[in-house]
2 protein chains.
Amino acid sequence: MDVDDIKNMDEFASVVGISRPTISKYFNDADSVRPTTRLKIEEALKKYKYRPNIYAINQNRKLTKNIGIIVPYLADPFFAEIARFLERRVLDFGFMPSLFSAHGDTDIEKTSLDTLRSLRPAGVLLAPLGRASDKRHIEEFCRDVPTILFDSNIEGIGEAFIGSDNFSFVSQTVEYLNRTGSTPTFFEMSDPANPNAIKRRNAYLAMMKQLELEPHMVQIEGSGWEFEEIGRAGALKILKPDALPTDTILCSNDRLAIGLLSACYELGIRVGREKDSELRVASHDDHPYSKFTCPSLTTAAHDYESVASQSVDTLFKLIEAGGRFNNREEKLFAARLIMRDSA
Amino acid sequence: MDVDDIKNMDEFASVVGISRPTISKYFNDADSVRPTTRLKIEEALKKYKYRPNIYAINQNRKLTKNIGIIVPYLADPFFAEIARFLERRVLDFGFMPSLFSAHGDTDIEKTSLDTLRSLRPAGVLLAPLGRASDKRHIEEFCRDVPTILFDSNIEGIGEAFIGSDNFSFVSQTVEYLNRTGSTPTFFEMSDPANPNAIKRRNAYLAMMKQLELEPHMVQIEGSGWEFEEIGRAGALKILKPDALPTDTILCSNDRLAIGLLSACYELGIRVGREKDSELRVASHDDHPYSKFTCPSLTTAAHDYESVASQSVDTLFKLIEAGGRFNNREEKLFAARLIMRDSA
DNA sequence: ATAAAAAATTTACGCGCGTAAAAATATTTT
DNA sequence: AAAATATTTTTACGCGCGTAAATTTTTTAT
């Protein structure tokens, strides 16, 4: 038999001198065969480079070894990072991640779900677009495929939700800003598509009430996922002399803050916590670029690693449980305040 | 027959009242069956939501409808953007894109190639890591799978290369900077992993020679893909008073420039083309964030759309040609100078 | 050494679809 | 209307592997 001319498991079995069902068993669980057999197979595997046909495998399994991952917007490095963590963890379990991005578009999100369904994945990790999502479509998808939501919650959809505790984010930044200077004014989109944004707004209001302070909100126009541009345009509008009630701005998220800081720079507004600064700016997410803004951005950091590993672990628990949980779990991770130069 | 209880093509064929081979033909090419037959099938498709099993399909086709896409580092928004364009274009051809990221790691790149091979894709679009790539491994992969390289070239590997004309990038920025102020000093990594970086260095040298000017290079240490951090750390080292031969810096790429600009800000160095500026900074790539640096970054822009569509078009030409070209084509796209505030 | 348990083998069938060849039917052309 | 052409149907086989049941062989325990 030619070294690289093995077409199927039958031929491989015959060159190893072991029956095909045993080979099949080995590929499904290397530990399920006798050590000596395993050794023989692995020796042969080095010599003849045979791999089982993935399509034939998946056709005959009720459950494939695929795990779908859908993020709303992959061009956002935040989601690229999360996806990286998720992929690695999925691989650790011996499963095969398939990454999709909705690219901020409802139809693409739907198409991705449909495509994913046809892949018959063992489970799916979904960070939905949020308000723009077709909830019915996702709900229907979740009936067929064991699905865990992460990052962005939709009440009642998916068997569990893993995300960040927005109150923890906002309470830490508000408390810090308030303690070290003037009361923060909340800077956000007037009509955010992301449910976390709503939660952060409410957390800000709750926190201000708790501190017995008057809340101030600046709500800017804009839609879509170009948050930096929206933040910048909004900032250029509102950053007029004496237009702000306080000299501290708390942005709903880092991408808005990146846009806002670029506007401040352009307008010559000195941002920071120095004595001669005119404005302090803080935000939430610890976006990969927040270290490189001017000045560097004080923010509340996600626990990427924990959110990712908890999401994957929960998904595999779900798969083992047969795809259904008795009650929908929600697990939220607290933020870690990252003090940099902007506030 | 229950509306959503159709398991296979046989059952679907019987509810439509048409033979299975005809149904199969329809799914492979809707136009290959009589219009009346097509209508009947599509009516039934609305009523009974049946989809052919993707695994059974691919098992029996010599060529699948998959197109693999591998980028070196997806957390870089530049590659996320390119990937988005590629995906869309692949879908336009009726094929199914599978996106992989090497995450800057040689082993992950190899694993991704292996995984992709087992998917038996019709073709692959590969942006390799560059110097860190295992060239033999890629070469071997290319023997089995029709592959087009993009963004980052490796001589002789792959059936074609689509990328950017680095000389066009650098000549435009050098010419512009030289015309409007002092001669640019080239800022780069001393030992860049990316072949484009080498080409840009050479282009800078060639261009300076052509202009009969003395070239100045600043080469900073660092490895990996955290270019912003490398640029920042390098800048903090070299930005001492009178350390630079000229007051104009041309960065090899935007991510280094983002780091450098953040260092400039921290050091209180005024960057821009105003009279009171101390330093001008320009760069290459038109990274999605270069609009939001402080000041906004003057740079040379890739033609994302053209590179992406040309890559995909070339790949499908390659597939139609049976997976081999007579000679390896190289297509390079020119840059477009984007003048912003930094230079 | 013998019995019990574990692992491997043999045999056999099924998965859902592609596809080829021959026969039957429908459509278009003359 | 008949002939020529195009389409569909029937029949049949194969793809590569999962998996179940019965049997044989090997390993472990007594």
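Naming: A, B, ... by sequence-line order, numbering from 1 per chain.
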*In whole angstrom, what separates A/R38's CZ from C/dA6's C1'?*
18 Å
*List for me each residue that meets ring-ring contact (aromatic ring centres under 6.0 Å, His included) alongside A/F12, sequence neighbours excluded, and say none if there are none.*
A/Y50
*Would you please name every residue forming a ring-ring contact (aromatic ring centres under 6.0 Å, His included) with A/F333, sequence neighbours left out?*
none
Would you call [X] and [Y] a salt bridge, taking side-chain N to carboxylate O under 4.0 Å as the test?
| X | Y | value |
| --- | --- | --- |
| A/R328 | A/E159 | no |
| A/R143 | A/E139 | no |
| A/R51 | B/D114 | no |

*Residues in salt bridge (charged side-chain N to carboxylate O under 4.0 Å, His left out) with A/R88, at least two apart?*
A/E305
*Would you please name every residue forming a salt bridge (charged side-chain N to carboxylate O under 4.0 Å, His left out) with A/R84, sequence neighbours left out?*
A/E81
*Toward the 5' end of DNA chain C, by each residue's nearest nucleotide, B/P52 or A/T37*: A/T37
*asked:* Judged by each residue's nearest nucleotide on DNA chain C, which is more toward the 5′ side, A/S32 or B/M9?
replied: A/S32
_Bend angle of the helix from C/dA1-D/dT30 to C/dT30-D/dA1, end axes from five pairs each (to 10°)_ = 10°
*asked:* Pick the closest DNA chain D nucleotide for A/T36 and for A/D10 by heavy atoms, then say which residue is nearer the 5' end.
replied: A/D10
*Return the 5'-most residue of the pair B/K40, B/A56 with respect to DNA chain D, ranking by each residue's nearest nucleotide.*
B/K40
*Would you check if there is a donor-acceptor pair between the side chains of A/Q59 and B/N53 at a distance under 3.5 Å?*
no
*Mind checking A/N28 for me? I need base, sugar-phosphate or nothing, with any heavy atom below 4.0 Å counting as a touch.*
sugar-phosphate
*asked:* What range of DNA chain D does chain B touch, first nucleotide to last, counting atoms under 4.0 Å from its heavy atoms?
replied: D/dT7 to D/dG16
